[in-house]
Amino acid sequence: MIKIKIYNPVAGKNRISFMGFLMLKDALKDYSIEITESDDYDYAFLGADDILDKSISLQDSIEYGLENCSKITGDYFIFDGSDSTSLMGAYEVLEQSDAKFLFKNQLLKTREDYKKPTSFNKWFFKDGSDLDLGYDITEENWKRIKLSGWNLGYFMGDQFRPTTQKWHPISQDKTIDLCAIFQANHPPCSDHHAENGSYYTNHRHGAWEVIGDNPGYSYVKDRLPFQEYINTLYRSKMSLSPFGMGEVCYRDFEVFELGVVMIKPTMDIVSTTPNPYIPDETYIPVDLDWEDLNETVLKMLDKPDKLQYIVENSRKVYDELYSVHSFCKYWYDFFSSLSDIENE
């Protein structure tokens with residue numbers, strides 16, 4: 001039995017990282033993993049609230065994370081549970097601490113993908129910010145960066161989504177070709193004293209600008225109250241799911257749930273587990289700058305059978321990938337492989 005102690009499991013941003021462990025602690029026992037509050041543990045887990053503080057300078061945040069790491073006795077893992085592939089602040093703590101691993105919900109596919117400096121180390125924000133970061137990650141450190149085995153597809157508020165997911169009947173009255181309803185204007189915000197809301201806003205407004213006033217198909221855009229958004233989404237054939245502060249968002253799974261085809265900037269560069277993002281099978285990829293958006297929508301409207309297939313297949317893929325078993329088995333396999341390495 002592997003014993004895990006989670007420090008401050010529900011504090012701030014730790015909660016999204018550790019929610020699955022807390023919800024499934026009984027199920028995990030069947031996979032030889034015990035969540036304990038005792039100091040008699042095999043590994044300790046530290047979350048984002050204990051290793052990152054984006055309200056202070058990056059260097060101060062790194063020192064904050066290192067100080068908290070130094071208080072841990074024994075082997076420990078650090079977790080950055082954000083929904084982006086950025087390593088900002090977390091990589092420095094990994095590099096300068098004794099943490100065995102850094103876990104992320106999403107990662108870029110190769111360490112070379114992190115070399116080019118981009119705004120807040122987010123490739124989709126491009127460069128030009130007051131905090132452009134890139135990382136020349138050694139092969140040794142790359143082996144210490146792992147996927148967490150979960151993403152936002154597992155959770156909906158306080159619910160473990162695979163156990164509560166109900167697929168809505170597919171609407172037979174889809175009168176809207178494209179749903180483009182989302183928040184686009186991010187309120188003023190910053191990371192480590194560097195403004196970042198405009199990058200979110202520019203990306204999302206960019207989609208609306210490309211759609212324009214007369215793209216040749218019917219659409220609804222802007223931001224609406226949640227229930228109006230849901231009603232509109234349900235009557236749509238396709239829906240945009242832009243990036244936000246990260247690549248993965250709750251809207252992705254709302255689109256699956258309501259039986260709509262998702263159009264999203266390509267996820268080809270992103271690794272996540274489970275990975276429901278299969279181009280032209282579970283979603284339709286478009287260019288990050290939306291340049292091919294209108295062309296793609298019009299092309300797909302001429303393929304109703306393909307639209308139907310993607311709706312049905314996205315639900316099938318979700319059901320195959322997301323489950324209590326897959327969550328627990330991921331961590332059982334991880335600890336099994338870790339034991340093999342340590343015993344070599």
Side-chain angles (χ1 to χ4, degrees), residues 6-9 11-18 43-149 151 189-197 199-200 245-248 269-272 338:
I6 303 175
Y7 281 81
N8 305 316
K13 293 185 178 179
N14 289 355
R15 185 171 174 272
I16 189 62
S17 289
F18 301 136
Y43 301 101
F45 287 2
L46 275 74
D49 254 40
D50 295 300
I51 65 166
L52 301 169
D53 186 347
K54 295 181 180 180
S55 70
I56 58 181
S57 73
L58 178 58
Q59 185 56 44
D60 286 346
S61 174
I62 295 165
E63 292 174 5
Y64 164 80
L66 291 172
E67 180 181 0
N68 286 332
C69 287
S70 71
K71 299 174 184 177
I72 306 301
T73 58
D75 293 330
Y76 62 94
F77 306 159
I78 57 177
F79 289 73
D80 173 9
S82 63
D83 55 359
S84 85
T85 52
S86 171
L87 295 176
M88 179 179 67
Y91 179 73
E92 291 88 340
V93 173
L94 174 73
E95 190 177 35
Q96 299 174 46
S97 74
D98 293 326
K100 292 184 73 68
F101 298 101
L102 163 64
F103 286 90
K104 290 280 298 179
N105 295 357
Q106 286 83 234
L107 287 168
L108 298 183
K109 286 194 172 176
T110 72
R111 60 192 178 101
E112 286 76 18
D113 291 328
Y114 281 100
K115 283 185 178 180
K116 181 182 177 181
T118 53
S119 302
F120 312 97
N121 195 227
K122 296 181 179 181
W123 65 276
F124 52 92
F125 277 176
K126 302 184 179 180
D127 56 14
S129 74
D130 291 333
L131 190 57
D132 283 6
L133 296 169
Y135 295 102
D136 189 3
I137 304 171
T138 65
E139 185 173 353
E140 180 181 356
N141 280 336
W142 184 243
K143 292 177 181 178
R144 297 169 66 200
I145 305 174
K146 302 292 185 180
L147 289 172
S148 64
N151 50 46
C189 64
S190 64
D191 283 341
H192 306 305
H193 307 317
E195 186 277 326
N196 65 1
Y199 298 88
Y200 172 107
M245 286 298 177
E247 298 96 332
V248 178
I269 197 173
V270 177
S271 292
T272 189
L338 187 59

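One-based numbering along the sequence shown.
Closest approach of Val93 to Cys69, counting heavy atoms only: CG1-SG, 3.8 Å. What you find for Asn105 and Leu147 is that their closest heavy atoms are O-CD2, 3.8 Å. Of all the heavy atoms in Phe18 and Ile6, the pair that sits closest is CD1-CG2, 3.4 Å. Among all heavy-atom pairs drawn from Ser190 and Asn196, the shortest one is N-OD1, 3.6 Å. Taking each heavy atom of Ser97 and Leu66 in turn, the nearest pair found is CB-CD2, 3.8 Å. Contact record, Asn121 with Leu133: ND2-O, 3.2 Å, taken as the closest heavy-atom pair.
Lys13 NZ: 12 or fewer foreign heavy atoms inside a 6.0 Å radius. Dense packing is recorded around CG of Asp60, with more than 12 heavy atoms of other residues, nucleotides or ligands lying under 6.0 Å away. Within 6.0 Å of the NZ atom in Lys116, the count of heavy atoms belonging to other residues, nucleotides or ligands does not exceed 12.
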Determine, stepwise, if the pair Val270 / Trp123 fulfils side-chain contact (heavy atoms from CB on, under 4.5 Å). CA-CA 10 Å; Val270 177; Trp123 65 276; 4.2 Å; yes

Phe124 vs Thr118, side-chain contact (heavy atoms from CB on, under 4.5 Å): CA-CA, chis, key distance, verdict: CA-CA 8 Å; Phe124 52 92; Thr118 53; over 6 Å; no

Please report the C-alpha distance between Tyr43 and Lys100 in whole Å, then the side-chain angles of each, then the deciding distance to 0.1 Å, and finally whether the side-chain contact (heavy atoms from CB on, under 4.5 Å) criterion is met. CA-CA 10 Å; Tyr43 301 101; Lys100 292 184 73 68; 4.1 Å; yes

Which is it for Ile269 and Thr85 under the side-chain contact (heavy atoms from CB on, under 4.5 Å) test, yes or no, and what are the steps along the way? CA-CA 10 Å; Ile269 197 173; Thr85 52; over 6 Å; no

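Put simply, the side chain of Asn68 never gets that close to the backbone of Gly65: no donor and acceptor are under 3.5 Å apart. Although no hydrogens or angles enter the test, the distance criterion places no donor-acceptor pair under 3.5 Å between the side chain of Tyr114 and the main chain of Leu107. The closest donor-acceptor contact from the side chain of Ser119 to the backbone of Lys126 lies under 3.5 Å. Of the possible donor and acceptor atoms, one in the side chain of Ser61 sits under 3.5 Å from a partner among the backbone N and O of Asp53. Judged by distance alone, with hydrogens and angles left aside, the side-chain atoms of Ser86 form a donor-acceptor pair with the main-chain N or O of Phe120 at under 3.5 Å.
A distance of 9.0 Å separates CD in Glu95 from CD1 in Ile137, rounded to the nearest 0.5 Å. How far CG of Leu131 is from CG of Leu58: 6.0 Å, rounded to the nearest 0.5 Å. For the atom pair CZ of Arg144 and CG of Leu94, the computed distance is 4.0 Å after rounding to the nearest 0.5 Å. Here Ile78 contributes atom CD1 and Phe45 contributes atom CZ; the two are 12.5 Å apart, rounded to the nearest 0.5 Å. Between atom CD1 of residue Ile56 and atom CD of residue Glu63 there is a gap of 8.5 Å, rounded to the nearest 0.5 Å. The structure places OH of Tyr64 at 5.5 Å from CG of Asp50, a figure rounded to the nearest 0.5 Å.
Classification of the Phe103-Phe79 ring pair by plane angle, with boundaries at 30° and 60°, yields parallel.
Side chains of Asn8 and Asn14: no donor on one and acceptor on the other come within 3.5 Å.
Qualifying ring pair (Phe, Tyr, Trp, His ring centres under 6.0 Å) partners for Tyr7, counting only residues two or more places apart in sequence or in other chains: none. Taking Tyr135 as the reference, Tyr91 meet the ring pair (Phe, Tyr, Trp, His ring centres under 6.0 Å) condition, with sequence neighbours excluded.
Side-chain atoms of Met245 and Lys122, non-hydrogen and from C-beta on, do get closer than 4.5 Å to each other. The closest side-chain heavy-atom distance from His193 to Ser57 is below 4.5 Å. Side chains of Asp83 and Gln106 form a contact here, defined as non-hydrogen atoms less than 4.5 Å apart.
The residue from Ser17, Ser82, Ser148, Ser271 that alone fulfils the side chain to side chain donor-acceptor pair (under 3.5 Å) condition with Lys104 is Ser82.
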